[in-house]
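Every chain is numbered from 1 and lettered A, B, ... according to where its sequence line falls, protein lines coming before strand lines.
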Amino acid sequence: MISAYPTPPNDRPVPTPPPKPAASDRIIPVIYVTLTIVALVWSLSGMDISWGRIATRSQQATVYFRQMFLETDWSYLPKTLKGLQESFQIAALGTFLAAILAIPFGALAARNLSRLPVLPAFGKFFLNFIRAFPELILAIAFIKAIGPGAFAGVLAIGLHSIGMMGKLYAERIESVDKNAIEALSAAGASPLEIFRHAILPEVLPDFLSFALFRLDINIRAATVLGIVGAGGVGTLLELQRRGNNWRTIGTIFICIVITVIIVDFISAKLRAKLT
Amino acid sequence: MSNATTAVNSSLVTFENVSKTFPNGHRALKNVSLTFAPGEFIAVVGLSGAGKSTLIRCVNRLVMPTEGRILVNGKDITGMGEGELRTVRARIGMIFQNYNLVRRSSVLRNVLAGRLAHLPTWRTLTGMFPAADMELAFRSLERVGIPEKAYQRADTLSGGQQQRVAIARALTQQPHILLADEPVASLDPPTAHQVMRDLKNLSREENLLTLVNLHFIDMAQEYADRVIGLRAGEVVFDGPGAGMTEADFEAIYNRRIRPDDLRGALDIVGESTGEASALAR
């Protein structure tokens with residue numbers, strides 16, 4: 001056998017291994033594993049799983065699945081596409097709104113832009129607070145505030161996305177190249193000019209990439225918003241679910257999945273071009 | 001100083017008993033008093049940590065001195081507000097070891113950054129610069145010999161070319177002072193000499209007071225009208241560069257001269273790179 005490495009001489013004394021960590025340190029992983037198991041058992045105890053019911057239901061489910069995927073009602077396609085179009089419009093508008101509005105919020109939350117540490121702390125708290133509300137909760141709130149429809153969906157998606165994108169923007173701004181900022185500052189540029197001419201050119205391609213990724217997520221979100229009445233293809237889904245029309249639900253389901261896959265693909269391609 | 005009376009009249013930058021103590025307690029400058037005249041080409045030498053960078057950065061207040069006064073054009077910049085300081089900085093060009101360009105922006109955009117302090121903020125925020133400023137930017141690029149790179153992204157250029165963009169950016173400020181903080185430390189010997197020659201020529205043509213941090217003693221001897229030697233934050237040498245001996249440098253460094261204190265390779269400039277200094281006429 002040919003080896004690239006010469007065999008080391010074996011006549012050296014075996015090195016003494018370092019002392020083992022104390023028993024108190026070795027017990028820590030055991031505690032974590034135990035806690036995880038306890039949490040799992042506790043969660044399962046809240047499930048009330050009835051295996052008999054699952055068995056009978058799953059027989060029924062095969063009927064529904066057959067109706068959805070083998071007896072799909074393609075006459076419902078035009079309506080579905082119209083709904084999907086609205087979902088896309090909701091997602092696009094909401095993402096656009098958030099992509100722009102997240103810039104000032106992201107700049108506010110970035111630690112390297114302000115001399116007062118209170119401002120980024122406040123900005124971060126505000127973004128965390130917005131993010132804490134799921135889109136569906138926001139949609140229900142906006143429906144109460146401005147009435148049901150697509151615009152409530154736009155606002156729900158937009159607001160939630162500001163929280164998400166603002167955080168990403170802030171982190172990107174925090175990792176910006178300090179050298180260029182120093183140079184512009186030395187040339188007498190004002191803080192706004194430094195943001196415009198040193199920071200924005202560097203971060204904008206990444207901001208755009210974040211926005212495309214967010215659009216991808218928001219299209220998924222916009223397909224279910226209709227279930228609570230915030231427009232889009234979800235409205236149709238909810239309507240057909242109430243009527244137990246599994247053949248049309250199949251149409252909607254297949255169209256949503258295909259749309260999401262296509263958008264996913266395009267968004268990934270575009271983002272790859274941005275770096 | 002022996003020529004104190006003439007220096008006061010023609011002084012562009014004056015350090016009066018300047019000290020700088022950093023928050024961590026490090027005393028980078030100790031009671032430094034210096035006078036610089038328009039058009040002087042000055043090399044600041046010393047070991048790393050001697051306070052070279054701090055000295056240069058005090059001139060445009062990138063570093064705020066803790067004691068003393070610094071006069072630029074007769075005005076004390078240490079007590080200035082941000083707005084007034086920006087108008088002073090507008091006329092002080094600065095070049096850095098790592099070029100400090102906005103890497104994703106075009107060369108032209110980088111050069112135009114030299115106009116920011118000369119134009120109202122609302123105007124520059126639109127990103128549309130007046131025709132006169134565009135012309136100035138192009139002329140600066142021409143002077144450093146790379147006008148054809150104007151629309152290329154800055155990070156696609158070589159190190160030497162990037163440093164030229166940085167020089168063009170400083171030129172576009174129409175400065176009367178040029179600061180260069182280790183401008184050649186990241187460059188290979190031929191390119192380093194080119195950049196030093198470019199700086200020297202600019203200084204002459206524009207009557208620019210130029211302060212260059214160097215740690216290569218042969219370059220200081222070669223290019224500087226005047227050499228300032230720093231050791232542990234104190235000025236230990238101030239005199240013409242041409243007549244300096246190794247003994248002078250050993251006194252500044254407080255140790256023997258080593259081969260890595262020399263940049264060398266001056267004799268191969270031009271032949272190895274195949275391009276002559278852009279500013280050499």
Side-chain angles (χ1 to χ4, degrees), chain A residues 99-108 110-117 119 168-212 270-275, chain B residues 56-57 59-63 82-106 109-127 129 153-155 162 165-166 169-175 177-181:
Chain A
I100 303 292
L101 288 176
I103 295 179
F105 284 111
L108 180 72
R111 260 177 286 126
N112 57 338
L113 290 195
S114 80
R115 263 168 269 181
L116 305 165
L119 287 178
L168 289 174
Y169 283 10
E171 278 168 4
R172 181 62 189 86
I173 291 173
E174 280 170 5
S175 68
V176 83
D177 174 31
K178 286 194 284 290
N179 286 339
I181 295 174
E182 184 187 38
L184 262 59
S185 167
S190 64
L192 258 180
E193 286 171 329
I194 289 173
F195 185 76
R196 165 72 180 79
H197 293 278
I199 297 174
L200 267 192
E202 188 187 326
V203 300
L204 219 46
D206 297 321
F207 282 12
L208 207 60
S209 172
F210 296 150
L212 276 171
L270 284 176
R271 272 180 285 134
K273 275 200 173 171
L274 278 172
T275 46
Chain B
I56 275 199
R57 277 153 197 262
V59 178
N60 60 2
R61 229 182 77 183
L62 278 186
V63 170
E82 298 273 322
E84 205 184 349
L85 178 66
R86 283 202 290 273
T87 63
V88 173
R89 283 178 173 178
R91 292 300 180 113
I92 304 179
M94 188 158 188
I95 293 154
F96 304 82
Q97 175 177 349
N98 299 313
Y99 330 128
N100 293 18
L101 301 180
V102 182
R103 285 173 295 191
R104 273 177 165 170
S105 287
S106 71
R109 291 253 142 217
N110 269 286
V111 175
L112 280 167
R115 297 312 294 165
L116 291 177
H118 295 258
L119 295 165
T121 297
W122 65 263
R123 173 109 221 195
T124 63
L125 286 184
T126 64
F129 288 81
R153 238 172 80 156
D155 57 3
Q162 289 195 37
V165 175
R169 172 173 64 192
L171 264 180
T172 309
Q173 289 176 248
Q174 298 183 305
I177 302 171
L178 191 59
L179 308 173
D181 193 7

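- For B/L112, no part sits under 4.5 Å from any heavy atom of chain A, backbone or side chain.
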Hey, can you dump all donor-acceptor pairs under 3.5 Å between chain A and chain B, distances included?
residue	atom	partner	partner atom	Å
A/N179	O	B/N100	ND2	3.1
A/E182	OE1	B/N100	ND2	3.1
A/E182	OE2	B/R57	NH1	2.3
A/S185	O	B/R89	NH1	3.1
A/S185	OG	B/R89	NH1	3.2
A/S190	OG	B/T121	OG1	3.4
A/E193	OE2	B/T124	OG1	2.9
A/R196	NE	B/L125	O	2.7
A/H197	NE2	B/T124	O	2.9
A/E202	O	B/R104	NH1	2.5
A/D206	OD2	B/R104	NH1	3.2

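- Residues A/A187 and B/A117 share a closest heavy-atom pair of O-CB, 3.3 Å.
- Residues that satisfy the side-chain contact (heavy atoms from CB on, under 4.5 Å) test with A/L108, not counting sequence neighbours, are A/L119, A/F122.
- Legend: residues meeting ring pair (Phe, Tyr, Trp, His ring centres under 6.0 Å) with A/F195, ordered by chain and number and at least two apart, are absent.
- The most heavy-atom pairs under 4.5 Å with chain A, out of B/L125, B/L85, B/L179, come from B/L125.
- Evaluation of the ring pair (Phe, Tyr, Trp, His ring centres under 6.0 Å) rule for A/F207 yields A/Y169 as partners, not counting sequence neighbours.
- Within the 4.5 angstrom heavy-atom criterion, atoms from both the backbone and the side chain of A/L192 approach chain B.
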